[in-house]
Every structure is written in C-alpha cells, then in structure tokens.
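Read the structure below first, then the notes.
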There are 2 protein chains.
Amino acid sequence: MDVHEGKQKFIESWGKMASDWGINRTMAQVHALLLVAHEPLTADQVMEELNISRGNANMNIRALMDWGLVHKQLRAGERKEYFFAEKDMWTVVRQIIINRKKRELEPMLKVLDEVVGVEENCPESESFCAVVRDIRKFSHKANQTLDTLLKADPNWFTGMLLNTMVR
Amino acid sequence: MDVHEGKQKFIESWGKMASDWGINRTMAQVHALLLVAHEPLTADQVMEELNISRGNANMNIRALMDWGLVHKQLRAGERKEYFFAEKDMWTVVRQIIINRKKRELEPMLKVLDEVVGVEENCPESESFCAVVRDIRKFSHKANQTLDTLLKADPNWFTGMLLNTMVR
DNA sequence: AATTGTTTTCAGGAGAAATTGAAAACAGTG
DNA sequence: CACTGTTTTCAATTTCTCCTGAAAACAATT
C-alpha cells in the first residue's frame, strides 16, 4: 500500500469513527489530514485535499483550534496561515477528555444533583431516587477518575492502567 | 421538586447527553423512562409518556433490547408485552462498552493495522507511519484495557480505579 | 378460519445538521 | 488610502437522520 492510499483510508476511518461518537465528520477528517500531514497545511490545501468549501474548511479548522488539537503557524514574510495538528497522542486524548467532560458530562452531573433531591413520599418516588442516586454516584466517580487521569503523568495512562489491570 | 418533574428532567438530560455521544436521542429517552419507571411498561405507555409514534417506540425498544439494556416481561394470561430496563449501573456500563467497542473501536483498529503497513520510502511516508504507529499502539492498549475491565468483578470499577488513583 | 388484539415493517415526510459560496471584514503594502 | 491577498461570516441550500402512520404480519381465541 502506498502512502496516499494509506492516508485516504486513515482519514475516512477517523471521520467515520468520529461521527459515530457525535463529532462532525468533516472536522475529524480535517484533524486526520493534519495529523498525517508531513508539514503544516494552508486552508487552501485542506479544501483541495478533502474537496470541501472554504467556509467549511475555515469553520472546522477553527473548531479544532478551540479543542486544542490544531495550532496555527505564521511564517515571516507570508500572509497565509499554516495549520498543524498536535501529534502526541496523550495530549490529543487529554484535550478530547477535557472538552467532552466540560461540554457533556458535567451538565448531566448538574441535573443528577438536582433531581436526586426529589421528595420521597411514595413507592414511585422512592424507586426513582434509588436509581438516580446510583447513577449519580457512578457518574461522580467517573468524573473524578477523569480529573485524576488529566493530572497524571503523560506516560501514566499507557503505562499503569494496563499494568495494574492485566494479570 | 416532585417525582414527575424529576423524571422529566432526567429523561430530557439523558436524551441530550446521548445525542452528544452519537446515540439516538429518542432511544436514550426510552431507556431513561424505563430506568426510572417504577414497574415495567408497555409500548403504549412509552408512546404516551414520550409522545412518540408506535413505530418509533417499537424500533427503539428493540434496539435497546439488542444492546442488552432493556428486557421483555411476559405475563400469564396477557397478550401485551412489558418492558423494563436493566438497573444495575455496572451492567449498564458493561453493555454499552461491549456494544460500542464492537461497533466503533474495533473497525478503527482494523484499519490502523492495515495502514500501518504502508511502505516507508520517503520522509512523507515515514512521518505517516510514525503517527499511525503511535495511534495504533494507544488504541490497542485502550482496547485491551476495556477487555480487562469487562472481565473484572462487578464492584471493581467503582472500587479500585478510584482508590488506586486518588491520592 | 374468522375475529380481535398486538407487534413489526417501511415508504414517504419532517426536521435537524452540515455545507456552500459569495459578500464582508480584515490586514498588510506601495 | 487604495489595492490585493486572505480569512471570516452567514443566509440559502443540500444532505442526512429520524419519525410517522398505515398496512402487513403475527398470534391467541372462539
């Protein structure tokens, strides 16, 4: 397999996976393209490679910068902007966790904290509260675990999690 | 807050979170409804509570059964089918991991295994392979970790992960 | 085998999300 | 400050996913 075919397969697959996980497919494809790019690319190159419009390229590059997954490079004497992806996988995963935790997990936790306070005065409300308490406990633990993970050493995840668990 | 308001908030929030994660919102709302239901419900009750059509209710209940998150209850002398959700959080999380791993993580791993074999004969192909190797290593470890997690004791996750990590 | 109650299917429609492309805004340069 | 190359914005359009509702299939009962 040659490198172009490999890149294409990778980009397509990365995009597919992302859309399964509720992330815009094109955004993930731009990310994939920059991940495997040999050098920083301009918006025009991204448009060209992925056959997307200027507006689309611009929006998704911006979104990726907001996520902390892509950075801008300015070159002296050039007006064009170049973009490159963060390539360290641990950092990539960190950024994704940070973003999704904030956007999606924490709002859910807030609601759980609210509804766990429902008055318990009948079998129905009691079983409701029991279920919510359980989900809430679980979610808070997951959230704390993620916080710990984020504070951890860069090599920690790949190293320890596995070693501790595999027997 | 009364139990009805609590249930509604919970159902709405669960649905929102699911759609952020690429899961059909209505499917998650049906799941949430059954999770907090005091007793098993019929398809008609689900339709009624969530204001959805018969077809929609049926399809999503089926999908939830495929995921192993909802079960059918048959009652002697009744032709209607009753549905109830698996309420143990550890089992719920297990089922979700099993399903998403199979549907989304593993196909990606397969592609990574393929493209890592790209011939390395120029700077471009070398940097491509280096990135792919890194992602591949990371993903395989994550996959193995999930396998171990799935084999683990029901109380393992909530217990150990946190205790080991929090200092 | 006809009747009734229930579940399943799926073509077409509705709504949501992503994309385009052209105009506006911006930023250097002579 | 006018000109040029570049990025940003956003209304209109396209694309995709999801939902509906009615018909078909199914299954228990008489």
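The distance from atom CD1 of A:I23 to atom P of C:dA17 is 15 Å, rounded to the nearest whole Å. Nucleotide D:dT17 holds its C1' atom 14 Å from the CG atom of A:N24, rounded to whole Å. If you measure from atom CE of B:M27 to atom P of D:dC18, you get 11 Å, rounded to the nearest angstrom. Rounded to an integer number of Å, the gap from A:E78 CD to C:dG28 P is 14 Å. In this structure, B:R75 places its CZ atom 19 Å from C1' of D:dA27, rounding to the nearest Å. Distance A:R54 CZ to C:dA23 P: 14 Å, rounded to the nearest Å. In this structure, A:N58 atom CG and C:dA24 atom P are separated by 18 Å, rounded to whole Å. Taking atom CG of B:N56 as the reference point, atom P of C:dG15 lies 14 Å away to the nearest angstrom.
Taking 3.5 Å as the limit, the base of D:dA27 and the side chain of B:R79 contain a donor-acceptor pair of atoms between them.
Of the residues near DNA chain C, B:R62 and A:G77, the one whose nearest nucleotide (by heavy atom distance) lies more toward the 5' end is B:R62.
Each of D:dT6, C:dT7, D:dT20 was ranked by its minimum atom distance to the side chain of A:K80; first place goes to D:dT6. Residue B:A43 has its side chain nearest to C:dT7 when only D:dC19, D:dT7, C:dT7 are considered. Ranking C:dG21, D:dT7, C:dT7 by closeness to the A:E81 side chain, first place goes to D:dT7.
Ring orientation note: the planes of B:H71 and B:F84 are tilted relative to one another, at an angle of 30° to 60°. Classification of the A:W90-B:F138 ring pair by plane angle, with boundaries at 30° and 60°, yields tilted.
The closest side-chain heavy-atom distance from B:Q73 to B:E78 is not below 4.5 Å.
At C:dT19, one or more side-chain N or O atoms of A:T26 fall inside 4.0 Å of OP1 or OP2 (strictly under the cut-off).
With no hydrogens or angles considered, no side-chain donor-acceptor pair links A:R54 and A:N58 at under 3.5 Å.
Side-chain heavy atoms closer than 4.5 Å link hydrophobic residues (I, L, V, M, F, W, Y) into clusters, and following such links, possibly through other members, connects A:V30 to B:V131.
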